[in-house]
Colleague: 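Below is the structure I would like to discuss, written out as structure tokens.
Starting from 1, each residue takes its place in the sequence as its number. Predicted model, so just to flag it, every value in this text is computed and none were measured. We count ligands from 1, going down the list as the structure has it; atoms in each ligand are counted the same way.
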Amino acid sequence: MNILVVNCGSSSLKFQLINAEDETLIAKGLCERIGIDGSRIVYQKIGGEKEVNEIPMPDHTTAIELVLKALTNEKSGVVKSLSEIGAVGHRIVHGGEKFASSTKIDEQVIQAIEACSELAPLHNPANLIGIRACQKLMPDTPMAAVFDTAFHQTMPQEAFLYGIPYEYYEKYKIRRYGFHGTSHSYVSRRAAVTLKKKYEDLKIIVCHLGNGASVSAVEKGKCIDTSMGLTPLEGLIMGTRSGDIDPAIMEFLAHKEGLDVDGVMNILNKRSRVLGLSDNLSSDFRDLEDAYIRGEESGVRTLKSFCYRVAKYIGAYAAAMNGVDAVCFTAGVGENSPLIRELVCEKLGYLGIELDETANHTRGEEIVISKNETGTQVLIIPTNEELAIARETYALVK
Ligand code: AMP
């Protein structure tokens, strides 16, 4: 069965068509600037040329229409008709406490996702637009919702409650939810396969280090803690997001800079950490690494602060699980940056970790990069959220 995986943002839509039986990628692409001037679709049949088409996309329905046209196009398409698409899997950012696993989409599920929009006002409404657009164009095709938050729903209360009055949890559901769950789940499972051990026997820490970044502790196949919170702002220092700060900084900054809540939140979400910390040098880790290697102070302090925070979370989660068998690096930075892995792991000697320099320079492979035979193993596991979504969708609809 072919599964169309859709990841719908407010002005963009990423898609992949995956054969769920043999798990091969058939075609992929991206619609950009939906509803804005200069919209374009990038489409690639695997093994074929990348096609870029600038074409007006006033809304998401038009974008999905163009995706379906590209997939069925006589020349570069990959299916003869839409009936060859067996199901659609939608990435949904926030499932609140309602969804602890993926689910088939019906009207009730749509309403429940809508109800979670308050917790993810930038993401859930866009995800819903994607669902509605697909329903309009493929009314008989089954669809599944795969949530970024679901994998973390196994966290115990002591990990997900904040130290604020309990009534706010009861009234408003203010608690830690965590994000990137599809990636944390996929990577931790693959780590067990790579180590040839049973998933249920392992204590695993997954470092998903991309433009957004989070760490999770997975014990016996269940997430027991993760660094992102009510929103994706908490935890590690990220591309532009601050991660953990003293909450009193908000009031202090508001007074000093004459800002309201939105103004302060804008600083914390868009102008902070690696971008802010590097004094606007870049939010792209490649630029920061170049600056680090040149010995520039902005690059050095930014990468050192970033890696320090990652190492601190690893220490905290090793303590939370009373040990750790594997530390996994994944996502754009985690998979591609030997320097970041080195700077983090040099702080993990107490776990018996020693990096194998040659293995640490590997790319695009699931591989153990620590050379110590006992103690904690370190791995690179390339994430594949789309494949994970396709698997979940297939399991629900087959
Ligand atoms: P993601 O959000 O997972 O797509 O990751 C995006 C981040 O990965 C960006 O900040 C990129 O700079 C970073 N990245 C991609 N390739 C490399 C690389 N070779 N070295 C360091 N960082 C990289």
Side-chain angles (χ1 to χ4, degrees), residues 5 7-10 12-16 25 28-30 32 42 91 93 122-123 148 151 178-188 190 206-216 226-228 231-243 269-294 296 298-300 302-307 309-310 328-345 355 357 359-367 369 379-389:
V5 175
N7 182 355
C8 201
S10 54
S12 70
L13 186 157
K14 289 187 210 145
F15 64 93
Q16 287 195 359
L25 177 60
K28 63 177 182 175
L30 163 71
E32 289 174 302
V42 182
R91 178 189 186 187
V93 166
L122 295 179
H123 297 101
D148 267 23
F151 181 62
F179 298 86
H180 297 138
T182 318
S183 175
H184 287 288
S185 163
Y186 175 87
V187 168
S188 53
R190 290 305 309 169
V206 178
C207 306
H208 177 110
L209 311 180
N211 199 25
S214 64
V215 187
S216 69
T226 190
S227 60
M228 283 179 166
T231 74
L233 185 56
E234 194 181 345
L236 299 179
I237 297 169
M238 298 176 225
T240 60
R241 288 178 231 149
S242 68
N269 268 310
K270 304 210 173 118
R271 283 183 41 209
S272 289
R273 282 312 186 153
V274 299
L275 178 63
L277 196 57
S278 66
D279 222 359
N280 293 322
L281 175 68
S282 179
S283 67
D284 192 311
F285 279 79
R286 282 166 287 206
D287 301 333
L288 296 166
E289 275 191 21
D290 290 345
Y292 180 97
I293 289 160
R294 289 193 301 269
E296 281 170 29
S298 58
V300 172
T302 306
L303 290 198
K304 281 197 163 175
S305 309
F306 176 81
C307 294
R309 180 82 58 93
V310 176
C328 308
F329 287 93
T330 194
V333 181
E335 289 167 31
N336 294 306
S337 174
L339 176 64
I340 297 279
R341 291 191 293 262
E342 193 184 306
L343 291 175
V344 172
C345 289
L355 276 197
E357 211 179 304
N360 188 33
H361 281 78
T362 314
R363 252 193 210 166
E365 262 181 66
E366 294 177 349
I367 185 173
I369 59 168
L379 297 91
I380 303 172
I381 305 280
T383 194
N384 193 337
E385 287 168 285
E386 289 78 12
L387 177 59
I389 293 172

Colleague: What are the two closest non-hydrogen atoms of Cys345 and Phe329, and how far apart are they?
Modeller: SG-CE1, 3.9 Å

Colleague: Anything under 30° is parallel, anything over 60° is perpendicular, the rest tilted; go ahead and classify His208 against His180.
Modeller: parallel

Colleague: Between the protein and ligand 1, which nitrogen or oxygen pairs come in under 3.5 Å, and how far apart is each?
Modeller:
unit_1, atom_1, unit_2, atom_2, d
ligand 1, 2 (O), Asn211, N, 2.9
ligand 1, 3 (O), Gly332, N, 2.9
ligand 1, 8 (O), Val333, N, 3.4
ligand 1, 12 (O), Asp284, OD1, 2.3
ligand 1, 12 (O), Asp284, OD2, 3.4
ligand 1, 12 (O), Phe285, N, 3.1
ligand 1, 19 (N), Arg363, NH2, 3.3

Colleague: Using the side chain to side chain contact (heavy atoms under 4.5 Å, CB included) rule, take Val206 and Ile381 through it: C-alpha gap first, then chi angles, then the decisive distance, then the call.
Modeller: CA-CA 9 Å; Val206 178; Ile381 305 280; over 6 Å; no

Colleague: Looking at residues at least two apart in the chain, or sitting in another chain, which of them share a side-chain contact (heavy atoms from CB on, under 4.5 Å) with Asn336?
Modeller: Arg363

Colleague: Run the side chain to side chain contact (heavy atoms under 4.5 Å, CB included) check on Tyr292 and Thr302 step by step: do they pass?
Modeller: CA-CA 9 Å; Tyr292 180 97; Thr302 306; over 6 Å; no

Colleague: Could you tell me whether a side-chain N or O of Glu335 sits under 3.5 Å from a main-chain N or O of Thr383, the two making a donor and an acceptor?
Modeller: yes

